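Structure record follows, encoded as structure tokens.
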Amino acid sequence: MVLFGRDQELRRLMALIQGPQDSALVVVGGHGSGKSSLLAEIPGMHRHRTVLLRVNPAESAWPFSGLTAILNGIDHQALVPAFEQLTDPDTAELDLAAIASRLLGALRQPHATRTVILIDDADELDPPSQAVIGFLTRRLAGTGIVLVAAMRTELPEGPFARTPSLYLPSLSQYDTVRMLESMGLSNTNTATIHVIAGASQGNPLAAIELYRELLQSQSQENCARPIPMVWKGTFEADLAASISPLSPCGKQALDVLSLSYRSRDVVLEKMPGELWPGVEELVSAGIAVHSGPHVRIQSHMLRAHAFAAMPPAARLAKHRQLAAVTETEDPAAWPWHVSFVEKRRDTAFRLLRVAVELVRAGETPIAIEYIERALSINPWEAETAARLTTISEVLFSRGELVHAKRYLDWARRITRNRALTLRLTGLDFQIELLKGNSVRPSLVLTLVREFGHYDPAFSACLLSIAALYMAERWELGEARRLLQLAEEFIAAASGEALAMNLRAKLLVDAVAGSPASIRRTSDGVDPSSPVSLLIKGRALTYAENYEGARDLFVLVRNLSQANDANWGETARYFAADNELRAGNFRSAAALIDEIAISEGSLKYHRGMRNNLLLWRAYAAGDEVAAQSCLAEAQCFAGADTHAAGTAMMAAYQGQFALMRGDLAEACAQLSRAAEIGMDFANPALLRCEADLVEVLVRLGRRHDAVRAQTRLEYRAAGLKSRWLRTAILRGRAVVADGERSLELFVQAQETWQKNDSTYERARTILCYAERLKALGRPQQAKDALLGAKALFEESGAAAWTQHVDTLLLGGRMENFAEIRNPALLLLSDDERALSQMVARGQRNKEIAASLYVSVRTVEVRLTGIYRKLGIQSRSHLTSLVTAREQTPPPAQAAAPDREPAGLSL
């Protein structure tokens, strides 16, 4: 199984293994936390020899059984005497310190390669082995060994105390869901997986066991889930041991609390049998938690264990007692307990009514239990479908898209009401829209034509929402067709539907490149409506009014409450894209980092999320993360299903390949993006054709570059876009020859205005600098590069700043002293020159100042040099630069050392 949610832990372990020092680390995690899976992943991530020991608890009483198993795995000649000593029957009487010292001496003898020792369940080793291994973990220097020991708990005075530790936290909800989905079992839907992830509280083994238990008990997904979800697994012994110290009163209180998600304290006080002292005992032991007027068991696994251990007759009796008390003291809990005692037709509807209020109050977990209980009692009535529709809409507004999808699908299966079917399908469409999934507009058109007359007001609203969706995908033909059909229902539309229709038209015009309509439109929409502000902000982004869009997105995020979670998260995505289009990369990176670490953002706009994370990885220069993001983006995107997302992904790949100098890759990706982008009426949406022109010129395909430039200018005709003006002027200068190109570059810079993108201006000056260099004007080229670097730094384009630093550095590394040590042949010319400067005693700050680059650029280059040469410090590098392969002849040795040639500025 693929390991999920342990990337940071793996990086920590790999840093230990690949680091220069021999060291040890203790991995601490409870039962089922994934220690064994983590250790099993390590051997495939490095090339060192690995010894993996899975401790057998049956051998824990045999002295040195674990240690001899490890030595047997290492299998080194120097360890044979120590191994023989340990296997001698009289060894148990020897001093452990003497054995450990002798073993340490044997380990410090020269070894061919580094050895990685992994011990799973080290706390179950026999005590002598633990003592010796614990002694060695703090004395591994010079042994060539890296030791990683996994255990459940680390005792303060144990053998491994004060050894560096790595504690495994619980998995996030997102990672647990991904893990369960990867198991490939299709007869459980996403909502059930999310409930299991919450019930297991981030314990991987608990989630897997509960998942398999639920699959065995429920063969069909159209069944209500059991509450609480009970399973028999490997945790039973630990759970039983955790409650064994409780008094009889505490165990009785635990039984009562296990019957419901939570109980009011006043109800528990009035229960017969003096229950409250037992509740206080549970709270003091940390088993239960007192939150406001309610008490509940913290662990779902413990609740399920206590519930399953009770006889059915005892459960029924306690439910009857609780029903009698809650009827007056807790009306919201009364339907829950009555549902287990009496068979009443209205009980299910009461449960659903309470569930709606619980969702609105933000109590989604307990609301889910009420809903599932209601569906287990009365799943098929028409009134159930109507109430499930209301629940789905409330869940949707709270951002609980997974659960909303489950209950709207259930309602759609049982309803025969055409208007309700239309309402449910429209909600399903909105859920898919927010997730970023592909939905065909023909489905909406067919649905409205067939059922639209049953609810004309909702039909008008649904068609407007669909038009917004298609406009955001840049498919304006489909968006206009949907708006045209909406006109047939607009007379019956509500104020909200009319506002949505006007905003959809506004967004369509903005995407088409007609921003003037945004300033003239006055739709009378409530200015405090988050949806209205969000759509208008998005239209302003496409109209290149980035400051206005930025203000509206901030306002939406501030206005959005828990009941408007969808719009607040969408505003975060739109704000990031707004900053990217504006060229404010520093702000864009900060917003994307927020999206990356926010678990709430994971369920929204998957295609846009993938592309934003891909851009962020490229901008940070993290090739490993970029490849991971690219693989995920490619799995989601497709030219046939999500053309805009696929084209944007290719455009990002091409732009950063151009920056790296990989012209073949840049040409392939940008050509692909431009081909897909021909279906979009506005070339300012994708913004790839200007880069394609530059790449084609660099490749010597000037004729193709002229064709691409002509096509861009033809498509831009009639569009008022500052970005298009800048891109076209730069493209004309790039495709021109000789002095004419320099004149056009000057004209392009003179037309720059205050609100134009600083990043685009820097790109133009960078191309100008390279043209100056090609025409034999190095001093002017250097000045232009410095100007481009300043603008890139201002916009926060760190990757482009480093690119300019590389150009500046490369232009100054010429005519240095001859190579004296063959090891330096591993380095490039630039790296050898930088090494010479270090050997002369210059500090990083001095080198950076002399070369007009940042200190960070010098540090990165030196790190690469150290890695190539296998050295650790500046002194090592200086020794290599000044050393010769062999002693020179006397006459040559007497001659003074040659100084490096001066730097060419």
Side-chain angles (χ1 to χ4, degrees), residues 425-426 428-449 459-487 500-515 517-518 534-544 570 573-574 577-578 581 604-612 633 636-652 672-689 711 715-716 718-719 721 724:
T425 307
D428 190 14
F429 181 85
Q430 294 180 67
I431 291 174
E432 296 303 312
L433 183 154
L434 279 176
K435 288 181 178 179
N437 295 334
S438 178
V439 179
R440 288 180 295 175
S442 57
L443 296 177
V444 180
L445 291 170
T446 303
L447 179 72
V448 171
R449 288 190 177 114
S459 297
C461 186
L462 176 60
L463 288 168
S464 300
I465 292 172
L468 285 170
Y469 172 73
M470 300 313 297
E472 182 59 30
R473 289 167 57 96
W474 307 342
E475 299 178 21
L476 300 183
E478 295 288 353
R480 292 190 175 105
R481 192 153 63 102
L482 290 162
L483 288 174
Q484 184 178 2
L485 181 58
E487 294 297 325
M500 191 67 70
N501 185 266
L502 290 172
R503 288 301 191 219
K505 293 177 180 177
L506 181 71
L507 185 62
V508 168
D509 290 342
V511 173
S514 306
S517 62
I518 298 179
L534 183 67
I535 300 172
K536 188 167 186 178
R538 190 58 169 164
L540 287 172
T541 295
Y542 287 125
E544 299 182 10
T570 301
Y573 280 90
F574 285 176
D577 187 66
N578 181 70
R581 291 179 177 276
Y604 295 102
H605 307 291
R606 185 179 169 190
M608 182 181 289
R609 174 187 173 83
N610 291 337
N611 283 339
L612 290 176
F636 178 79
D640 297 332
T641 58
H642 204 304
T646 303
M648 188 60 72
M649 177 181 66
Y652 286 153
R672 183 188 181 206
E675 183 180 356
I676 299 174
M678 291 300 294
D679 294 331
F680 309 137
N682 185 357
L685 298 173
L686 195 55
R687 303 188 173 184
C688 68
E689 290 171 275
R711 183 175 64 233
R715 297 180 64 211
L719 299 178
S721 166
L724 278 174

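Source: prediction; values computed, not measured.
- The backbone N or O of V511 lies less than 3.5 Å from a partner atom in the side chain of N682, making a donor-acceptor pair.
- The aromatic rings of H605 and F574 lie tilted to each other, with the angle between the two planes from 30° to 60°.
- Between L507 and R538, the closest side-chain pair of non-hydrogen atoms falls below 4.5 Å.
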* Please lay out, stage by stage, how R606 and N610 fare under the test side chain to side chain contact (heavy atoms under 4.5 Å, CB included). => CA-CA 6 Å; R606 185 179 169 190; N610 291 337; 3.9 Å; yes
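- Using a 4.5 Å cut-off on side-chain heavy atoms (C-beta onward), L483 and L463 make no contact.
- The shortest distance between side-chain heavy atoms of L476 and M470 does not fall below 4.5 Å.
- Residues R715 and L724 fail the side-chain proximity criterion, which asks for heavy atoms closer than 4.5 Å.
- Summarising the geometry of P441 relative to L482, their closest heavy-atom pair is CB-CD1, 4.2 Å, with the distance given to 0.1 Å.
- To the nearest 0.5 Å, atoms CD (E472) and CG (D577) are separated by 7.5 Å.
- Of all the heavy atoms in A650 and A673, the pair that sits closest is CB-CB, 3.9 Å.
- In this structure, the side chains of Y542 and D509 stay at 4.5 Å or more apart for every pair of heavy atoms.
- Panel note: side chain R687, backbone A684; a donor-acceptor pair is recorded below 3.5 Å.
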* Can you check salt bridge (charged side-chain N to carboxylate O under 4.0 Å, His left out) on E675 and R672, steps first, answer last? -> CA-CA 5 Å; E675 183 180 356; R672 183 188 181 206; over 6 Å; no
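- Formation of a donor-acceptor pair under 3.5 Å by the R581 side chain with backbone atoms of L685 is found in this model.
- A 4.5 Å side-chain heavy-atom check between M500 and L468 finds at least one atom pair inside the cut-off.
- How far CG of L434 is from OG1 of T570: 5.0 Å, rounded to the nearest 0.5 Å.
- Put simply, CZ on R440 and CD on E432 are 13.0 Å apart, with the number rounded to the nearest 0.5 Å.
- Residue L485 holds its CG atom at 10.0 Å from OG of S464, rounded to the nearest 0.5 Å.
- Remark: the backbone N or O of A460 is not paired with any side-chain donor or acceptor of N501 at under 3.5 angstrom.
- For the residue pair N611 and A633, the shortest heavy atom distance occurs at OD1-CB, 4.5 Å.
- The closest donor-acceptor contact from the side chain of Y573 to the backbone of Y604 lies under 3.5 Å.
- To the nearest 0.5 Å, the span separating NZ on K536 from CG on L502 amounts to 11.5 Å.
- Proximity of P683 to L719: side-chain heavy atoms (C-beta onward) are separated by under 4.5 Å at one or more points.
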* To do: Check step by step if side-chain hydrogen bond (donor to acceptor under 3.5 Å, both in side chains) holds for Y469 and E478.
  => CA-CA 10 Å; Y469 172 73; E478 295 288 353; over 6 Å; no
* To do: Show the numbers, then the answer: is there a side chain to side chain contact (heavy atoms under 4.5 Å, CB included) between W474 and L686?
  => CA-CA 10 Å; W474 307 342; L686 195 55; 4.1 Å; yes
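- Heavy-atom neighbours of Q484 CD from other residues, nucleotides or ligands within 6.0 Å: at or below the threshold of 12.
- Closest approach of G426 to L462, counting heavy atoms only: CA-CD1, 3.5 Å.
- Between R473 and S438 the shortest side-chain heavy-atom distance falls below 4.5 Å.
- The shortest non-hydrogen separation linking F680 to A647 is CE1-CB, 4.3 Å.
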